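In this text, all values refer to a predicted model and were calculated from it rather than measured experimentally.
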Amino acid sequence: MGIFSFGKKTEMDTYDGDGYYDDVTPVTPVEPAAPAPTGNGLTLDGKEGANLALKLVRPESFEEVSTIADYLLEGCTVFLNLEAAAPDVTRRILDFLTGVAYAGQGQIQKGSASTYIISPKNVDVSDPSKSN
């Protein structure tokens with residue numbers, strides 16, 4: 001059975017699929033880079049105990065709205081893309097999810113013509129470009 005080495009060489013052989021070999025080039029772990037500061041874009045700021053999970057959803061029918069509501073009730077922030085939904089379905093989805101956000105003391109913000117960000121009460125979504 002083979003072993004993959006990250007950062008140091010091991011004494012055990014590894015298997016490459018064709019045969020065994022001993023001289024494995026070690027893989028050096030790379031520290032994740034800090035995000036580059038930008039002057040625009042949205043910022044998620046979670047209060048203590050906040051669930052900063054972000055769910056990206058693209059519903060096509062109203063039947064999918066209960067799953068999206070469950071995400072909100074679990075404390076997740078939802079990025080809602082309504083490009084694939086018909087206009088009448090879009091209105092129903094928005095009405096329902098606005099109610100869910102209101103009941104949970106969350107907020108809903110329009111991103112563009114067909115995208116919205118819905119966040120629970122313990123997550124603040126801000127747009128630095130609109131703060132001036």
Heavy-atom pair of closest approach, residues [X] and [Y]:
X    : Y    : answer
I118 : A101 : CG2-CB, 3.8 Å
T77  : P120 : OG1-CD, 3.6 Å
A85  : P59  : CB-O, 3.7 Å
R58  : E83  : NH1-OE1, 3.6 Å

Closer than 3.5 angstrom, by distance alone: can the side chain of E64 be matched with the main-chain N or O of E60 as a donor-acceptor pair?
yes
Rounded to the nearest 0.5 Å, what separates atom [atom1] in [X] from atom [atom2] in [Y]?
X    : Y    : atom1 : atom2 : result
F62  : T90  : CZ    : OG1   : 12.0 Å
I117 : Q107 : CD1   : CD    : 9.5 Å
K110 : L94  : NZ    : CG    : 8.5 Å
T67  : K55  : OG1   : NZ    : 11.0 Å
L97  : I93  : CG    : CD1   : 7.0 Å
L54  : C76  : CG    : SG    : 8.5 Å

Within 6.0 Å of CZ in R92, more than 12 heavy atoms from elsewhere:
no
Do V78 and V123 belong to the same hydrophobic cluster, where Ile, Leu, Val, Met, Phe, Trp and Tyr are linked whenever their side-chain heavy atoms lie under 4.5 Å apart, directly or via other members?
no
Say whether F79 and I108 are linked into one hydrophobic cluster, either directly or through other cluster members, by side-chain heavy-atom distances under 4.5 angstrom.
no
